[in-house]
Structures are given as C-alpha cells and as structure tokens.
Amino acid sequence: MGELQNFLKECRLALNRWKTLQEIHIVIGNESCDLDSMVSSLAYGFLLFKTLNMEYSKDKAVFPVLNVPRSQFHLRLEHCYLLNKVGIKLETLIFRPELNFEEIIEHFSLSNKSIKTYLVDHHVTVDNEDILNETVCKIFDHRPVVENHCWTKENVQMRINHVGSCSTIIGDEIFTKGEDIWNKDLAYLIYSTIVLDTKGLKMQNKATALDVEVASKLEIKFNFCERNSLYGKLMNLHCEISHLSPYEMLIKDLKCTGAVAFPRICILARNFMSLHGGLDALYDLCLERKSIIAVIIGSDQNSHEKKDIGVLFKTNNVGYIQEFVQKFKQFGLQESPTQLSNFFIFNFKDKKMTRKEIVPIIMKVYTDCKHQMFTN
Ligand SMILES: [Mn+2]
C-alpha cells in the first residue's frame, strides 16, 4: 500500500477511536466538494500527518474531511476517476456527516484536549461547520476575501493567493514545508487538479505564475507530461451529465450562502429549465436547503452563449423581485424573458463572470433588497 493510501486508512481508524485521542487536526474543504477542495484537504492533511509525526503517535490524528454526504459523492466523476487512478478507495475517505462536530468539541473542551481546524478552499464557515470557528488556526484559499469574515490576524494564519486552484497553494506549502513528503500519487492528485482548474495551465485562461510554477515543478520531479490530454479527460468527466437527474445536477457542485443557493451546472440555465423535472428539482433544492433564491450558474462550451445565469425566487413578492432584478442587471447583465413570473434568465453583455465573482454580487443585491421583503 502506498503512503497516501496508508495515511487515509490510519485517519479512518483514528476516527473510530476519536475519544482516546489527545490532539485532533481537522482539514475541511468547502461544501461544493469540488476537485481542489477534496485534493487540498487530503494533501494538506497528509502534510500535517508527516510533519507533526502522527504516524508514530497513538494520541494525535488528522481528519481530512470531504464536505458532502457520502451518498452524493459518486456524482463527481472526475473525483472518482482520479482517486481510482492513484488507488485510493472511497471507503477510506471521511465525509462531513461522519463527524459529529458538536460531540467532538464538547468532549475535547471538557477534557482540555487540543483540536485545530484548517480551512482549505474557503475562508468563511457555513452553518454546518460554524461550531468549528473557535478552533480554526489556518486558512488556505484562492477566492476574493469576504469583508466581514470573522478571523483576526492574532489567532488565524491566512494564506490567500489569487491563483487558479487552491491545490496550487497546498502544493506550494508542501514544496516549502515538507519537500521530502512528495510521492507520485500525492503529486498526481495536485497536478491533475491544477490542470483542471486552469484549463490546461493556459495563462490566457485561469493560470497564474504560481499555478504554472507548482505544476511545472511536479512535471519535472515526476515526469508528468499530459497537460492537454489530462485536461480534456477531466473536463469531459466533469461535464458528463447523462447519468444525472435534474436534482443531482443541481447538488453536484453546489454552494449555499445564507438563504441563497448557487448550483453550478454544465448546461445553460435556460436549457436546464426545459428539462423534464427541471423546475421541480429547483424547488426541491430550495426546500431542502431552506433557500429563498436559487441562482443557477450555467455553462456550455459548445453553445454560442457559453454562459448564463438563471434566478428562481421562492416568493411572490413582486416589489422585491423587481427591485432585485433591476439591481442585478446593473452588473453587466441582460435579462431575457421566460414564461414564469419568478424565474429570470440573465445573459452576459461582454465579460463573463465566474461563480466566485457572482456570489458576492448576488449577496450584495440580496442585502440591498431585503427591506422590500417586509413591505407589500
Ligand atoms: Mn475551489
């Protein structure tokens, strides 16, 4: 068994006897569980495992957590493909519902044991993990800093770089903090993720100098030489939707912020809504996530439009909806008509935005329109 596979097996075993541990390190990615979230938590967990000498200690353990239920993981074909390729078995992974944070925190604080949390690929905890806030000690992220995040420099080390992939940051951490822990499987996970997130490491796309630097170092060290074919393979898997129901399409790559859900899908939002069961699935999502608004970020590389946004309001408050739509349009978007009074399609006028850019805009509009909720 390889070192990485053995590490994951050890983590899993330690989870079964967590009450006997003196020191726990939780590494958790964001709730969309996209590829760089998963790989960053596994890889950073491995770095901690090696550099804190956990392999020789019965008292310490690291839990690299994938922030989705196990039952929803198989929808992510590119993740399963890569794990299988490096020989990692799904049963050795730890999924969010398999840890009871409340119970762990209570037990650890009562008995004066140590618990530390590391956030990768996000820097604001959502409801399902905000109980961990007090324990957060390090953050690695590549998205725009949210202004009202609650961390202070004294308690939390933040490393935020505007790179294409969070795995680039973790790869760079490994090169500087533990170069000797690299093995081919770990390197392949990081390398593949950077390649996918930067569209084949092309600078005109999302790759930055650091993405290229880390990926190139891995290419030299481990003889990787397949940027284009690897990108094609992973992207095809990522965009494969024939095995998914409309609801599964929505939860495959989903983020929720407050009362707004942001599913990202591989067809245009307009086309999603014409699927049989598309609208129902969107309502189910709102119900399940207690969302008032669902914002579909649609993309289809083969279409002329390439990207669009669909917004469903789970309210009939016309004043609210109108103000929201007017305000949102001001961010370089064009509204195109639909048959529904509470669903809108927006097309980009010139510059297309990513979900990272859309989320803060929507949240600002959402806050600015809140007063309308209570009128009418
Ligand atoms: Mn990410």
Side-chain angles (χ1 to χ4, degrees), residues 1-31 33 37-74 79-80 83-84 86-122 125-140 155-156 170 173-174 177-178 180-181 183 185-186 189:
M1 189 184 286
E3 276 204 289
L4 192 59
Q5 298 76 358
N6 188 53
F7 150 71
L8 292 169
K9 206 184 91 192
E10 291 289 323
C11 298
R12 206 52 244 189
L13 289 172
L15 181 59
N16 296 335
R17 52 174 187 87
W18 67 266
K19 277 191 181 163
T20 68
L21 300 168
Q22 300 297 319
E23 195 179 308
I24 288 181
H25 300 262
I26 294 172
V27 188
I28 187 163
N30 77 51
E31 47 157 355
C33 195
S37 267
M38 175 184 86
V39 168
S40 297
S41 73
L42 300 182
Y44 195 72
F46 185 67
L47 178 65
L48 290 174
F49 182 73
K50 297 299 259 184
T51 51
L52 300 178
N53 291 319
M54 290 191 219
E55 42 196 330
Y56 308 111
S57 167
K58 283 263 166 268
D59 295 334
K60 307 183 209 174
V62 56
F63 299 144
V65 181
L66 308 195
N67 204 345
V68 282
R70 182 178 290 274
S71 59
Q72 292 173 6
F73 185 72
H74 69 281
H79 300 45
C80 296
L83 292 173
N84 182 47
V86 300
I88 290 175
K89 296 203 167 67
L90 297 191
E91 60 260 32
T92 61
L93 301 175
I94 299 173
F95 293 88
R96 166 67 186 88
E98 295 162 7
L99 273 96
N100 185 336
F101 289 155
E102 285 81 4
E103 202 189 352
I104 292 176
I105 297 235
E106 191 187 300
H107 175 86
F108 268 62
S109 55
L110 286 177
S111 47
N112 244 332
K113 297 174 174 182
S114 156
I115 175 161
K116 287 187 176 157
T117 300
Y118 307 78
L119 304 182
V120 294
D121 204 23
H122 65 315
T125 50
V126 291
D127 302 347
N128 77 0
E129 62 186 40
D130 58 9
I131 188 166
L132 293 175
N133 280 357
E134 293 280 297
T135 69
V136 172
C137 66
K138 279 190 189 176
I139 291 171
F140 302 97
N155 306 326
V156 178
I170 303 302
E173 285 285 314
I174 297 175
K177 309 256 162 71
D180 51 337
I181 75 155
N183 59 62
D185 295 335
L186 175 69
L189 290 181

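Everything quoted here is computed from the prediction, not taken from an experiment. Nothing fancy with the numbering, it's 1 onward along the sequence.
- Note: N30 CG to T125 OG1 = 12.5 Å, rounded to the nearest 0.5 Å.
- Using a 4.0 Å cut-off between charged side-chain N and carboxylate O, R70 and E91 make no salt bridge.
- Ring geometry for Y44 against Y118 counts as tilted: the plane angle lies between 30° and 60°, on a 0 to 90° scale.
- The side chain to side chain donor-acceptor pair (under 3.5 Å) test with N67 is passed by exactly one of E129, R96, H122: E129.
- When every heavy atom of A43 is checked against every heavy atom of I170, the shortest pair comes out as CB-CG2, 3.8 Å.
- You'll find the side chain of F101 reaches within 4.5 Å of the side chain of I26, heavy atoms only.
- Separating the CG atom in D121 from the CD1 atom in I28 is a distance of 12.0 Å, to the nearest 0.5 Å.
- Closest non-hydrogen pair, C33 versus H79, comes out as O-NE2, 2.8 Å.
- Between L66 and S41 the shortest heavy-atom distance is CD2-OG, 3.8 Å.
- Within the 4.5 Å cutoff, side-chain heavy atoms of L189 are placed close to those of L4.
- Residues L8 and R12 are not in side-chain contact: their nearest non-hydrogen atoms beyond the backbone lie 4.5 Å or more apart.
- With a 6.0 Å radius and a threshold of 12 heavy atoms from other residues, nucleotides or ligands, K50 has its NZ atom above the threshold.
- L186 is not listed as a side-chain neighbour of F7, based on a closest heavy-atom distance of 4.5 Å or more.
- Atom NZ of K9 has 12 or fewer neighbouring heavy atoms from other residues, nucleotides or ligands inside a 6.0 Å radius.
- In this structure, CE in M54 is found 11.5 Å from CD in E10, a value given to the nearest 0.5 Å.
- Shown here is E55, whose CD atom has more than 12 heavy atoms of other residues, nucleotides or ligands within 6.0 Å.
- Considering CG of N155 and CG of N133, their distance stands at 11.5 Å, rounded to 0.5 Å.
- Here the side chains of L42 and L83 are in contact, with some heavy-atom distance below 4.5 Å.
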